[in-house]
Amino acid sequence: MSPSQRTGPEILLAPKLQAGDRVRLVSPASFPDREGLEAAVAILKRWHLEVEVGEHALDQWGFMAGRDEDRLSDLNEAFRDPGVRAVVAALGGAGAYRIADGIDFDAVRADPKPVLGFSDITSLHLALWRRCRLANVHGCLTGERAEASARQLLMTTRPITLHRDPGAASAAIDIPGRATGFLMGGNLTQVQGFIGAGMPSLDGAILCLEDHGNAADAAVLDSILHHLVASGSLAGLRGVAIGDLQGLDGSHAGAASGRKSTVEVYLERLGVLGIPVLGGLPFGHLPDQSCVPLGPTATLDTVAGTLTVASAVV
């Protein structure tokens with residue numbers, strides 16, 4: 001199978017990384033500190049890869065890593081360079097949504113390469129899926145589990161299985177069932193931001209969600225989830241996989257306190273969809289998260305407490 005060939009009806013898989021391949025670190029959103037960037041370089045070099053850093057990776061312009069045109073230039077140069085075999089976002093933060101529509105999608109289709117990143121990088125993942133059906137990797141390199149899962153997903157074709165952590169706050173969000181579909185999503189706030197701004201179809205998908213505390217207030221969360229459901233964005237959804245949700249509040253029982261907790265809001269809003277929901281999965285803004293592929297086929301099983309996802313590379 002050629003690297004640029006689509007596998008299945010609607011998915012574009014890049015070739016897996018091999019020792020000696022070049023990868024490019026870029027900052028499409030906020031700027032990393034120099035120590036964080038150097039740590040990412042060191043990790044990739046441990047994999048026997050050649051590492052390059054985008055020209056504007058350490059630029060600072062407000063809360064972003066340089067002006068929009070500079071961040072976009074670094075990203076597109078990586079996509080256009082035939083020697084670059086993967087693109088790694090140095091940081092999430094904010095700002096990737098400002099440049100997502102400017103991606104050189106023709107270059108991506110002609111020479112697919114996976115993008116590793118999470119949080120605000122969800123904007124790039126969603127745009128690349130909608131326009132190219134490119135499989136990517138949600139996650140980062142920081143932490144033992146993060147590094148191991150990123151290396152597996154970028155350098156092998158083995159599927160990955162995430163197991164529910166019963167002690168995680170989001171494990172309380174559970175609606176029984178089993179579902180199979182392509183995995184898509186990422187940061188909840190960024191997913192909501194794509195409503196009316198290029199949201200890809202989620203018909204046949206399992207939606208994965210994580211959040212960095214932006215929806216910690218029950219009323220704010222209720223509005224976000226209502227917006228997702230009422231807009232029709234979740235039509236045809238087959239399941240929901242929930243990772244880390246910082247600020248999640250399960251301490252108030254609605255009947256006793258007269259107020260809803262954020263756990264109750266998730267159960268109420270997602271419950272109307274009539275699909276399985278599995279919480280407590282170890283992806284998102286954790287000190288050591290697991291990376292997950294976006295685009296490939298996934299199976300969610302609430303009884304086993306697992307999410308298994310096929311490879312994002314060939």
Rounded distance [0.5 Å steps], [atom1] in [X] versus [atom2] in [Y]:
| X | Y | atom1 | atom2 | value |
| --- | --- | --- | --- | --- |
| R98 | R67 | CZ | CZ | 10.0 Å |
| S233 | I195 | OG | CD1 | 4.0 Å |
| R164 | D301 | CZ | CG | 9.0 Å |
| I175 | L273 | CD1 | CG | 8.0 Å |

* Donor-acceptor side-chain pairing of E77 and S73 below 3.5 angstrom -> yes

* Asked: For D120 and Q190, does a side-chain donor sit closer than 3.5 Å to a side-chain acceptor?
  ->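 Note: D120 and Q190 side chains meet the donor-acceptor criterion.
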
* Asked: Mind checking who shares a hydrophobic cluster with W61, ILVMFWY linked at side-chain heavy-atom distances under 4.5 Å?
  -> F63, M64, Y97

* **Heavy-atom side-chain contact between I121 and P28 under 4.5 Å** => yes

* Do T308 and I160 have side-chain heavy atoms sitting under 4.5 Å apart? ->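 Result no, sub-4.5 Å side-chain heavy-atom pair not found.
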
* To do: On the 0 to 90° scale, with breaks at 30° and 60°, tag the F283-H138 ring pair as parallel, tilted or perpendicular.
  => perpendicular

* Return the set of residues passing salt bridge (charged side-chain N to carboxylate O under 4.0 Å, His left out) with E268 (not counting sequence neighbours), or none when no residue passes. => K260

* Under the salt bridge (charged side-chain N to carboxylate O under 4.0 Å, His left out) rule, collect the residues that match up with R80, sequence neighbours excluded. => D104

* Testing L294, L13, L128 for side chain to side chain contact (heavy atoms under 4.5 Å, CB included) with L134, which one passes? ->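 It is L128; the other options fail the test.
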
* Run the ring-centre check on F118 versus H285 and record whether the distance is less than 6.0 Å. =>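 Yes, the ring centres sit under 6.0 Å apart.
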
